[in-house]
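Please see the structure below; I have some questions.
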Amino acid sequence: MARTQIAAAREGTITDEMQRVADRENRDPEYVRQQVADGQAVIPANRNHDALDPMIIGREFATKVNANIGNSEESSDLETELEKLHTAVHYGADTVMDLGTGANLDEIRETHVEHSPVPIGTVPLYEAVKRAGSPEAITTDLLLEVIEKQAQQGVDYMTIHAGILAEHLPLTDGRKTGIVSRGGSIMAKWMEEHGEQNPLFQLYDEICEVFAEHDVTFSLGDSLRPGSLADACDEAQYAELDTLGELTRRAWEHDVQVMVEGPGHVPMHEVAENVERQQEVCDGAPFYVLGPLVTDVAPGYDHITSAIGAAMAAQAGAAMLCYVTPKEHLGLPDEEDVRDGLAAYRIAAHAGDVGNERPGARDWDDAVSEARYEFDWREQFRLALDPDRAREYHDQTLPEDNYKEARFCSMCGVEFCSMRIDQDARDGADGEMAELESSAGTDLESSPAAEVNVPPVGTHESDELPPIEDCEGVPSETDVEPGVESESGTASDD
Ligand code: SF4
């Protein structure tokens with residue numbers, strides 16, 4: 001049997017995947033190997049995922065962002081699902097979880113793996129429920145069969161809800177929002193109906209053997225994560241976390257890579273505590289957090305409420321952030337929601353990296369700032385986290401080409417452009433309008449720009465995305481300048 005990444009690392013081997021992530025992150029390959037060997041980082045890379053461009057998840061590396069996609073009973077065609085994958089990768093997802101619960105699950109999953117340059121994650125429990133017809137009809141044989149099949153299909157990591165135990169269930173009785181994890185509620189229902197222990201916990205060693213064979217990484221599900229601020233950091237959440245720590249060590253005994261999932265809904269003053277506790281209980285295994293949302297009052301804006309918590313978690317040591325879209329708690333996200341959610345989370349991840357002084361992280365900020373101060377609009381757009389949106393907002397009021405060299409924008413207007421005034425003062429220029437007009441190639445007489453003095457706002461339609469096969473791997477590789485952080489870039493503006 002071929003070795004897993006962690007087995008190879010423990011034997012002192014630097015695999016091709018380790019070398020690749022070292023190149024991508026500008027790190028020493030030996031350091032990557034050591035981090036994987038120690039379980040402090042994972043490289044989710046199923047041996048059957050040929051299209052994968054390997055990446056690494058760990059607190060000492062650039063913070064990563066996951067996007068969830070997947071069909072439902074209402075929408076299930078293959079082309080739409082492939083488009084969703086493409087959209088997620090296009091806007092900078094470092095991994096994608098296929099959480100489909102509709103029809104054609106096998107075909108869609110295989111197509112995702114076949115086309116995806118980023119690791120694909122799944123929750124096999126969903127397929128098991130669909131095939132069984134109800135949570136209580138699931139059998140251990142079915143669970144193992146589904147897990148084994150998905151591993152053979154090339155899924156890189158799987159959420160396994162093995163940490164919720166029968167003895168944890170009474171701890172949720174006083175909660176305001178009960179059990180909000182889908183997998184958690186399914187397992188709780190099964191245990192209540194059968195009066196037995198969690199079957200995923202009982203099968204855990206067999207699951208480890210399947211994962212070791214295909215090099216699938218565990219994403220240990222936090223079935224008892226809080227679904228509201230009122231339930232954050234309660235006894236149920238932390239009791240399950242203790243079990244997740246034990247499961248982490250058991251997986252390592254099987255030479256299987258592990259990351260651990262986390263909350264959820266957590267007030268700001270308890271975010272760091274959550275990360276620190278997980279790191280301690282799970283011996284530094286990478287923490288993969290959903291948000292957390294730091295307030296419950298803003299449905300429709302939960303990409304923002306959660307990105308605040310995600311940035312704090314990233315700075316405290318979370319390794320990967322699972323995005324939340326504006327539709328959270330309200331409905332199925334569309335393409336614009338995916339775009340907004342990913343932008344919010346890539347900001348959170350990058351802010352965490354800057355705050356943690358990750359090597360090279362600030363270079364990106366400095367490059368954008370330099371382009372901004374030089375009025376190099378094209379370069380500013382190119383380097384922007386979402387180039388298309390930056391350019392579109394600029395062009396709403398100043399669409400003509402000559403404004404791409406103008407020494408102002410419509411936000412302050414030409415007369416009050418502080419950067420232009422500052423530069424003129426430093427250059428000893430007198431700042432005469434005629435000179436400005438001539439240097440910018442701008443027709444101020446006929447342009448509305450001089451009178452517009454508000455930030456441009458409004459909606460937009462994104463450009464049509466090229467087919468996924470035209471994308472050259474992870475977009476960041478090709479679109480961000482050398483020397484500028486590249487772990488989570490997005491498509492070019494051209
Ligand atoms: S007009 Fe204001 S926002 Fe625009 S470039 Fe000048 S200082 Fe910046």
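Counting convention: from 1, in listed order, for ligands and their atoms alike.
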- Sorted by chain and number, protein N/O/S atoms nearer to atom 4 (Fe) of ligand 1 than 2.8 Å are Cys409 SG

- Taking only heavy atoms of Ser418, which atoms of ligand 1 are found under 4.0 Å from at least one of them? 7 (S)

- Item | Within residues 307-327 or reaching into it, pairs that qualify as side-chain hydrogen bond (donor to acceptor under 3.5 Å, both in side chains) - sequence neighbours excluded | Lys327-Asp337

- By side chain to side chain donor-acceptor pair (under 3.5 Å) - contacts of Asp283 (at least two apart):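 In terms of side chain to side chain donor-acceptor pair (under 3.5 Å), with neighbours along the sequence ignored, Asp283 is linked to Arg249.
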
- Message: Val21 and side chain to side chain contact (heavy atoms under 4.5 Å, CB included): which single residue from Asp16, Ile57, Ile43 fits?
- Response: Ile43

- Task: Using a strict cut-off of less than 4.0 Å between a Lys/Arg side-chain nitrogen and an Asp/Glu carboxylate oxygen, indicate whether Asp424 and Arg407 qualify as a salt bridge.
- Result: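 Between Arg407 and Asp424 there is a salt bridge, with a charged N closer than 4.0 Å to a carboxylate O.
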
- Query: So, are Glu25 and Lys64 salt-bridged, with charged N and O less than 4.0 Å apart?
  - Reply: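 Yes, charged N to carboxylate O under 4.0 Å.
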
- With His265 via ring-ring contact (aromatic ring centres under 6.0 Å, His included) - residues at least two apart: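 His329.
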
